[in-house]
Structure formats: structure tokens, C-alpha cells
Amino acid sequence: MRRGAGAPESGEPPSTSIRSIGERAGQEVALRGWLYQSRSSGKVAFLLVRDGTGIIQCVVSKAEVAEEVFEAARQATQESSVVVTGLVRRDDRAPGGYELSVTDFRTYQTAEEYPISPKEHGVDFLMSHRHLWLRSRRPHAVLSIRSTVVQALRMFFEREGFVLVDAPIFTPSAPEGTTTLFETEYFGGKAYLTQSGQLYMEAAAMAFGKVYCFGPTFRAEKHKTRRHLNEFWMLEPEMAWAGLEDVIDLSERMVVDAIRAVLEKRRRELETLERDPARLEAVRAPFPRLSYDEAIRVLNERGCSIEWGADIGGDEETVLAEGSEQPLFVHRFPRELKAFYMAPDPEDARLALGVDLLAPEGYGEIVGGGVRAESLDYLDEQIRKHGLPPEPLEWYRDLRRYGSVPHAGFGLGLERLIAWLTGIDHVRETIPFPRTMNRIYP
Ligand code: 4AD
Ligand code: MG
């Protein structure tokens, strides 16, 4: 059944969104949305209608509407697009606090049998229908929180005096090592999808002082863990005349501010996800700090046998985070474990001035960063040691030749932060259309 074009019909009451329907209590309104769920008896139909901003129960009573309106409401299929007119009534038992007493109902397009039913589906099935699954409560809540966090992060860096400088996606270089590059043909030559905007942010920091970029980054990692995506979003601030303490301080305040925004604006979504807000309310700066040396000692005390010099992987991160509600900074790693650009620790030449922030509850590393090597000689030595081709880094060397200064920054993995805040197990659910080793569809 298809009537009208979805545009307001003459005599139709004002349109509203479900989120702001409370402002129209006692009035007649029109809602444009989709039928989420319905049940009906011979006399009354209960429709859950969603419009993107919320879900509301609409009650169609046979005695109070025209025969064809009741039939249209009763027969509408799940996810049909609909225009519902009715009276807004306050009802404390209703999920959003309001209900609609329907006076008119029309179906704009009748949906075919919808593949996602209220019964349980496996994640793989749901991911293959991600384009439709987005309409369901859980993805809707997670992605709404993601939107709020991104907004809060941008505002945070704006307030802190950082300038947004966008980094390119096609690059000639491999800041995070040559083993995880996505290569692509570039007009007869080759280019890589960016692993990190950092090197460009270093150039920008020498021009603007404090900068950040925020965009998709790509790693051809053959990981199948709950923390890895092949395309993920990274926010990367970089500061001239700054050191390790500045990185720690800034990332700490950033995380606290993101949590504040979620607690302020997305309580309802946390509830939908059954995420206990007390977990987030408990997070307080300053976060505890542990040097790599201490971390190795703690890990061995807790039964992980790990030698000095070995990388702290996902499992070890979980062990380190155990028993604490707070995120944890781990700093000053063996130089060999870290990227070519990391500055050596002036107090211990074996170490690099890097820092990672580990989320509690086993969510792992959400931030990685540190101080960048200042001297051209040291940098050249590292480029050689890491076996990186020097030509694509020629421009980067210029930054050490023309007014080199101490500078530092970090990268925040957005999906890992969202996974932790929402309590979602796997990062693939925290990005609208995840790209993993075995998924590029839809
Ligand atoms: O620790 P990473 O590799 O650091 C860098 O790329 C630096 N160049 C950043 C900088 O200093 N400007 O990555 C930073 C963060 C990690 O802490 C993690 O949260 C996230 O990016 N990340 C991933 N998230 C999802 N899937 C992956 N495969 C990720 N790899 C890194
Ligand atoms: Mg890292």
C-alpha cells in the first residue's frame, strides 16, 4: 500500500522527531519513520515506530480510527516506511516516557520480509547485513556514542588550541613498519594507504605549534583479534616544544573529557547496551603509571613469564590492567620495540621515550605515542637500522635540518576507545562498516 509521497498532506499536523516529542505532549503530531515491531489483536494494534532519533509505542485502536487506517496499521510489515499521525500522551511506563494515540497511519513503502527478526542471529550473519543491522537498537546505541565521542574530541582539541591539519591517505612512506602496508598502484609508481598521519603532523607542528589530524588509517595486519581492524580511525595530536609529560597529561585529560561527554549525553544508550555507567564514573585522573621495567616485573609476579626486551602484547596488557578501574600508562620501552622516529631516553640509552595508555577491563592499548627523535644523525641511524628506504623520508629529514625542536604526540585508536566506553567486546561493532581480514562486504 502506497499513498502520497511521504510529503506532508494538507491538514497534517506538524512533524516532529521522537527524541523531542516531549515538547509536544498533549498535541497532535506526524512522525515519519519505520515500523520496528508490531503486535495486534482484533481491536488494537501496538506499533513500535523508530525514526532514527528514538523508538516510540504507537497505539491504534480500532474503535477510534477509520477501518482502512486500522487495517493498514495491522498489516504493515517490519521495517516498512510509515507516516503516523496521533496525539502525544505522557506515559511513565513507556520507554521514552511518551506514547502516541494514533489518528492516522499510512505506509509509504511496504517492506519485503525483513531478514533481521527479533530472534537471535549470529554476529557473522548480522555483519553481512550490516547495512540493515544499523537500524537495530544495539548498533544504533554504539554508533550514537561514537558520534558523541568524536564531537567531544574535536571540541576538546579546539579548546586546547590545536589546529586541525588533515593528513593524506596516499603516502610513499611506512612510519609503522613495512610489514603492514596496503600497497596500491599510483600512476605507474606505487603508493601505500596511510598507517598514521604522524609524520605529516610533525611537519604541521613546526608550522602551527599544536596540531591534530583525525581520519581513517590502514594496516594490513593479519590479526583476527577483538582489538584489530584493517581500517580504523586514529586521532593524532602533535605538539612542538613538548615532551613525554605533555603527552601523558594531554591524553589523560582527553580521555576524561570523552567520558564526561558520554555520561552527559548518552546515558540512555549506555542503558540500552547494559553498560554500567559506574564503570565510567569511576575513572579519575591522574591515571597510574608504570615504566616498562616495572611492567615486566609485575607481569612476572602475576605469572606471565616474560623477559626484559619482549613486547607487551594483548594478553600481557590484559594482565597488567587487572584489578584496576583506571586506565594505565606504560612508558619507556626498549628502543628495539618501537618505531624508527622515537627519541631515546637521555637517562637510559636502551630505552625510547614512548608511552602507551592501556584501557581497563582488558580493552588493551587505546593510545600510543611519545617523543620524536630530534637529531638528524640519530634519525638517519634509525632509518638505516629499521631498513626503511630513505627517499620517501627525505622531506621528513628536512624537519630536523630547519629549526628542529623537541616535540611529541600520540595516536588515539577511536574504535578501541569506543569499545571500552560502550563495553562492547569486539572493535568491529564500534565502526559503521568494519574492514577486517575476512570482511569487505557490505
Ligand atoms: O600505537 P600505534 O601504532 O601508533 C602510531 O601509529 C603512532 N604513529 C601514533 C602517533 O604517535 N601519532 O597506533 C595508535 C593507536 C593504538 O594505540 C591503537 O589504539 C590503535 O591506534 N590501533 C588500532 N586500532 C584498531 N585496529 C588496529 N589494527 C590498530 N592498530 C593500532
Ligand atoms: Mg602502539
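In each ligand, atom 1 is the first atom listed, and ligand 1 is the first ligand listed.
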Query raised in the report: Are a donor atom and an acceptor atom from the side chains of Ser147 and Ser144 found within less than 3.5 Å of each other?
Result: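 No.
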Query - Proximal candidate to atom 6 (O) of ligand 1 [heavy atom criterion; set Gln195, Gln198, Met201, Arg219] - result: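 The residue whose heavy atom sits nearest atom 6 (O) of ligand 1 is Arg219.
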Report task. Kindly identify the option in Tyr200, Phe410, Phe232 whose heavy atom sits closest to atom 22 (N) of ligand 1. Result ->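 It is Phe232 that holds the nearest heavy atom.
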Does the cation-pi check pass for [X] over [Y], that is, NZ or CZ under 6.0 Å from the six-membered ring centre and within 45° of its axis?
X: Arg90; Y: Tyr98; result: yes
X: Arg226; Y: Tyr363; result: yes
X: Arg350; Y: Trp308; result: yes
X: Arg39; Y: Phe46; result: yes

Which ligand 1 atoms are under 4.0 Å away from a heavy-atom of [X]?
X: Gly411; result: 9 (C), 10 (C), 11 (O), 12 (N), 14 (C), 15 (C)
X: Ile366; result: 17 (O), 19 (O)
X: Gly413; result: 15 (C), 19 (O), 20 (C), 21 (O)
X: Ser196; result: 6 (O), 8 (N)
X: Arg227; result: 25 (C), 26 (N)
X: Glu236; result: 8 (N), 9 (C), 10 (C), 12 (N)
X: Tyr341; result: 7 (C), 8 (N)
X: Arg372; result: 10 (C), 11 (O), 12 (N)

Query - Glu365 N/O/S atom closer than 2.8 Å to the Mg ion (ligand 2) - result: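 Yes - counting backbone and side chain alike, Glu365 has an N, O or S atom under 2.8 Å.
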Query raised in the report: Aromatic ring centroids of Tyr200 and Trp395 under 6.0 Å?
Result: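 Yes, close enough.
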Requested in this report: Check whether the ring centres of Phe170 and Tyr186 lie less than 6.0 Å apart, and answer yes or no.
Outcome: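 Yes.
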Report task. Provide, to 0.1 Å, the distance between atom 17 (O) of ligand 1 and the closest protein heavy atom, together with that atom's residue and name. Result ->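 Scanning the protein heavy atoms, the shortest distance from atom 17 (O) of ligand 1 goes to Glu365 OE2, 2.6 Å.
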Query raised in the report: Does the distance from a Lys or Arg side-chain N to an Asp or Glu carboxylate O, for Arg400 and Asp377, drop under 4.0 Å?
Result: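 Salt bridge absent between Arg400 and Asp377.
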